[in-house]
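Taking it in order: structure first as structure tokens, then the write-up.
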Amino acid sequence: MNALGVYIHVPFCKSKCAYCDFYSLAHRDPAGYADALIRQIKSKRSAFHGKFVDSIFIGGGTPSLLPPEDIADVIDALRSYADVTKNAEITIEANPGTLDSARLSAYRTAGVNRLSIGLQSADDEELFMLSRIHTKKEFEQSFMLARVEGFDNINVDIMYALPFQTLEKITRTLEFVADISPEHVSFYGLKIEENTPFGRHPNIDHTLPDEDTQVKMYINSCKFFEALGLKQYEISNFARSGRECRHNLKYWQNLDFIGFGPGAHSMVDMRMYSYKRDLSLFMADPTNEAALLDDDYEMSVRAAAVQYVMLAMRTTRGVNKSEYFSRFGVDFEKKYGAAIAPYVEKKLMATDGESYHLTRRGMLVSNMILSDLLDFEEK
Ligand code: SF4
């Protein structure tokens, strides 16, 4: 029996944030969506054979816009078609302004034991600029309500490198995080994506902090989180001991996960596939796999080995030589030695003899290093 993570995509938001290119739609009625998900889960039940589900991640979008009974029905459906372990990590993403006591209590009853709340910034002006639907105060109220309802495993999403952001401003957001004391923080630099209001803004680049400031923001924040007891375990993720996100670790460890809903991706038994980002198509017939499929291919062992390196290098554990050998039958040092030696010398990568990982400075240029390793692999 192998572990399998389940991802449920809920593509609804109250309104679109200025930077967002996730597949989510504003001002749509989610009625009937949970039923469609359940039909899809049922039609795919054979994918659960021989596996146990130890993580469920309900993401989006804003899943907390669905009625809590819908969330409970989806979790119940998974329990009836899959072997969901007793201590499975069950996460729901939520936005402040969509949470109240009754909803939070219903999530707990349904088995949700981890909450991921989008803060992004503790500065109301920044929140307004990002078109977030909440203020700092509203976030704080939602967070405290979640604590009262018994959530003891909460992630907070934060962004840095925002337009007009200064080191002082990001420090105030960090201090707010220290005050509320979450178990987990996801900390991402803003990326300007095409086809978003930010991406269409002609002068957006001139408003962003310069590169040196962005480096300081990242390094200072990593140190700040670690001083709070939130240990870094991935480029953008920090957690108290034992509170690392089991579900997201599956992505970085190249383990199987299955996704449901439009836009969801899956990797099951070396097969990679994704569904079209098309809610209407999904609602028309969520069981019509052929119509819903976008990408769909079998991954070769070589491609899996490359992907393993690309993803494992994002984690502080890095690439473990023995694990790499036992999964792919290849000596990591023999294969990549020439490519990684210059990075070790420049202290962008380090090794403890068993694993190779990026240093914090290396994480700042991870894209460059990983694309270099990819080029090396393809030669
Ligand atoms: S709440 Fe999240 S998914 Fe929705 S628009 Fe904002 S960033 Fe995108």
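One-based numbering, in listed order, for ligands and for the atoms of each.
- Defined by atom type and a distance below 3.5 Å, a donor-acceptor pair is missing between the side-chain atoms of Arg314 and Tyr251.
- What sits closest to atom 2 (Fe) of ligand 1 on the protein, heavy atoms only, is Arg132 NH1, 4.2 Å.
- Residue-and-atom listing of protein N/O/S atoms under 2.8 Å from atom 4 (Fe) of ligand 1, sorted by chain and number: Cys13 SG.
- For the pair Ser15 and ligand 1, a heavy-atom separation below 4.0 Å is found.
- Side-chain atoms of Glu289 and Tyr275 include a donor-acceptor pair closer than 3.5 Å.
- At distances below 3.5 Å, not a single donor-acceptor pair connects side-chain atoms of Ser366 with backbone N or O atoms of Gly362.
- Note that Arg271 lies in the cation-pi zone of Tyr273, set by a 6.0 Å cut-off to the ring centre and a 45° limit from the axis.
- Taking the centre of each ring, Tyr7 and Phe260 stay at or above the 6.0 Å mark.
- The closest side-chain donor-acceptor pair between Thr196 and Asp21, if any, does not fall under 3.5 angstrom.
- For atom 7 (S) of ligand 1, the nearest non-hydrogen atom of the protein is Tyr19 OH, 3.4 Å.
- A salt bridge links Asp269 to Lys51: at least one charged side-chain nitrogen sits closer than 4.0 Å to a carboxylate oxygen.
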